[in-house]
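Input: a single structure, listed below in structure tokens.
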Amino acid sequence: LATGPRQDNSIFYEIRTYDIKPSKMKEFLEMVNKYIHFRTAHSELVGFWYMELGAMNKVFHIWKYDNFAHRTSVRHALANDKDWQGKFISVALPLIEKQHNEVAYLVPWCQLGKPPKEGGVYELVTFQMKPGGPALWGEAFRAAINAHINTGYTKLIGVFHTEYGLLNTVHVLWWNESPDHRAAGRHSAHEDARVVAAVRDSVRFLESQQNALLIPLPCSPLK
């Protein structure tokens, strides 16, 4: 029942989350940094992170596609890429316990952003919304997001809502200078009447929320 407007183009983002065997996390990350260029030769990587807080032994990465035909052609090419299959996939698969992917669109009022500088950290906030999509919760949710942006302590990177995967899920990706800078900003935001009012209005559409601190890999375009 997730319905409503989305950006007026066919571009979508595939969001992938992998659970890595705890003893193999270091090895997996080293392999990604070494061999990801074989993968990015086929399509655009938005960002690649590992989770530091909120979840452990997980990696999170976002890929951009022009449309579904584009993704199909990329997947076909990857299956026939001997370097990617031989040097990465065949070695990496035994290190992975579980894979999960979602297809998501940016909400209509959001463009994909970039951090003001390198060297910060990212926060992934995942909201499970009540059914109805942006047509139902979009205005209130946007007001809550803007209220946080206006405090100035954080930078919005993107707001994505799912089309495949668990529906009515919204991923909000933020950038902060450091975990301590984020903590100080959140403390101030909780005392800001504008933020409190906007959040109070938006939570009536909320089922659950989960936060994770993400650290970008050296190979990540967003870092």
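FYI, side chains are in, hydrogens and waters are out, and symmetry mates aren't considered; it's all heavy atoms of this structure. Note that the structure is a prediction, hence the values are computed from the model and not measured. Throughout, numbering of the chain's residues begins at 1 and tracks the sequence.
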Please answer: with hydrophobic residues joined when any side-chain heavy atoms are less than 4.5 Å apart, are [X] and [Y] in the same cluster?
X: Leu53; Y: Met56; value: no
X: Tyr153; Y: Leu124; value: no
X: Val199; Y: Val196; value: no
X: Leu166; Y: Val125; value: no

With a 4.5 Å cut-off on side-chain heavy atoms, are [Y] and [X] touching?
X: Glu52; Y: Ile215; value: yes
X: Ile96; Y: Phe28; value: yes
X: Leu217; Y: Val32; value: yes
X: Ile145; Y: Val172; value: yes
X: Leu213; Y: Val121; value: yes
X: His171; Y: Val159; value: no
X: Trp84; Y: Ile89; value: yes
X: Asn168; Y: Gln128; value: yes

Query - Test salt bridge (Lys or Arg N to Asp or Glu O under 4.0 Å) applied to Glu30 and Lys34, step by step - result: CA-CA 6 Å; Glu30 289 174 348; Lys34 185 176 181 180; over 6 Å; no

Requested in this report: Establish, for the pair Arg39 and Trp63, whether the NZ or CZ atom is under 6.0 angstrom from the six-membered ring centre and no further than 45 degrees off its axis.
Outcome: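 Yes, a cation-pi geometry holds between Arg39 and Trp63.
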
Polar side-chain atom of [X] near backbone of [Y] as donor-acceptor pair, under 3.5 Å:
X: Ser220; Y: Pro216; result: no
X: Asn33; Y: Leu29; result: yes
X: Arg204; Y: Asp201; result: yes
X: Asn150; Y: Asn146; result: yes
X: Ser178; Y: His181; result: yes
X: Thr40; Y: Leu45; result: no

In Å and rounded to the nearest 0.5 Å, what is the [atom1] to [atom2] distance from [X] to [Y]?
X: Asp83; Y: Gln85; atom1: CG; atom2: CD; answer: 10.5 Å
X: Ser43; Y: Glu14; atom1: OG; atom2: CD; answer: 8.5 Å
X: Ile149; Y: Thr154; atom1: CD1; atom2: OG1; answer: 8.5 Å
X: Ile20; Y: Met51; atom1: CD1; atom2: CE; answer: 11.0 Å
X: Leu214; Y: Trp175; atom1: CG; atom2: CH2; answer: 14.0 Å
X: Lys155; Y: Glu123; atom1: NZ; atom2: CD; answer: 16.0 Å

Considering all heavy atoms, the nearest [X]-[Y] contact:
X: Met31; Y: Leu95; value: SD-CD1, 4.1 Å
X: Ala198; Y: Ala147; value: CB-CB, 3.9 Å
X: Ser202; Y: Ala144; value: OG-CB, 3.6 Å
X: Cys110; Y: Gly158; value: SG-CA, 3.8 Å
X: Pro94; Y: Lys21; value: O-NZ, 2.8 Å
X: Gly54; Y: Gln210; value: O-NE2, 3.8 Å

Report task. Specify whether Trp137 and His161 have parallel, tilted or perpendicular ring planes, treating 30° as the upper limit for parallel and 60° as the lower limit for perpendicular. Result ->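 Ring orientation, 0 to 90° scale: perpendicular.
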
Aromatic ring proximity, centroids under 6.0 angstrom, [Y] and [X]:
X: Tyr65; Y: His70; value: yes
X: Phe12; Y: Phe68; value: yes
X: Tyr18; Y: His61; value: yes
X: Tyr122; Y: Phe60; value: no

Please determine whether the number of non-hydrogen atoms from other residues, nucleotides or ligands lying under 6.0 Å from atom [atom1] of [X] exceeds 12.
X: His37; atom1: NE2; result: yes
X: Arg75; atom1: CZ; result: yes
X: His190; atom1: NE2; result: yes
X: Gln209; atom1: CD; result: yes

Query raised in the report: Going through the distances and angles, do Val59 and Trp49 end up as a side-chain contact (heavy atoms from CB on, under 4.5 Å)?
Result: CA-CA 6 Å; Val59 296; Trp49 304 263; over 6 Å; no

**Report entry** Verdict with reasoning, Lys82 to Lys87, per side-chain contact (heavy atoms from CB on, under 4.5 Å)
**Finding:** CA-CA 8 Å; Lys82 293 181 180 179; Lys87 294 180 180 180; over 6 Å; no

Requested in this report: Determine, step by step, whether Thr169 and Met129 satisfy the side-chain contact (heavy atoms from CB on, under 4.5 Å) criterion, reporting the C-alpha distance in whole Å, the side-chain angles of both residues, the deciding distance to 0.1 Å, and the verdict.
Outcome: CA-CA 6 Å; Thr169 300; Met129 307 300 291; over 6 Å; no

Query raised in the report: Please walk me through it: do Glu207 and Lys130 pass salt bridge (Lys or Arg N to Asp or Glu O under 4.0 Å)?
Result: CA-CA 6 Å; Glu207 298 282 358; Lys130 293 181 179 179; 5.3 Å; no

Report task. Kindly indicate, with the supporting measurements, whether the criterion side-chain contact (heavy atoms from CB on, under 4.5 Å) is fulfilled by Phe160 and Val107. Result -> CA-CA 6 Å; Phe160 308 85; Val107 295; over 6 Å; no

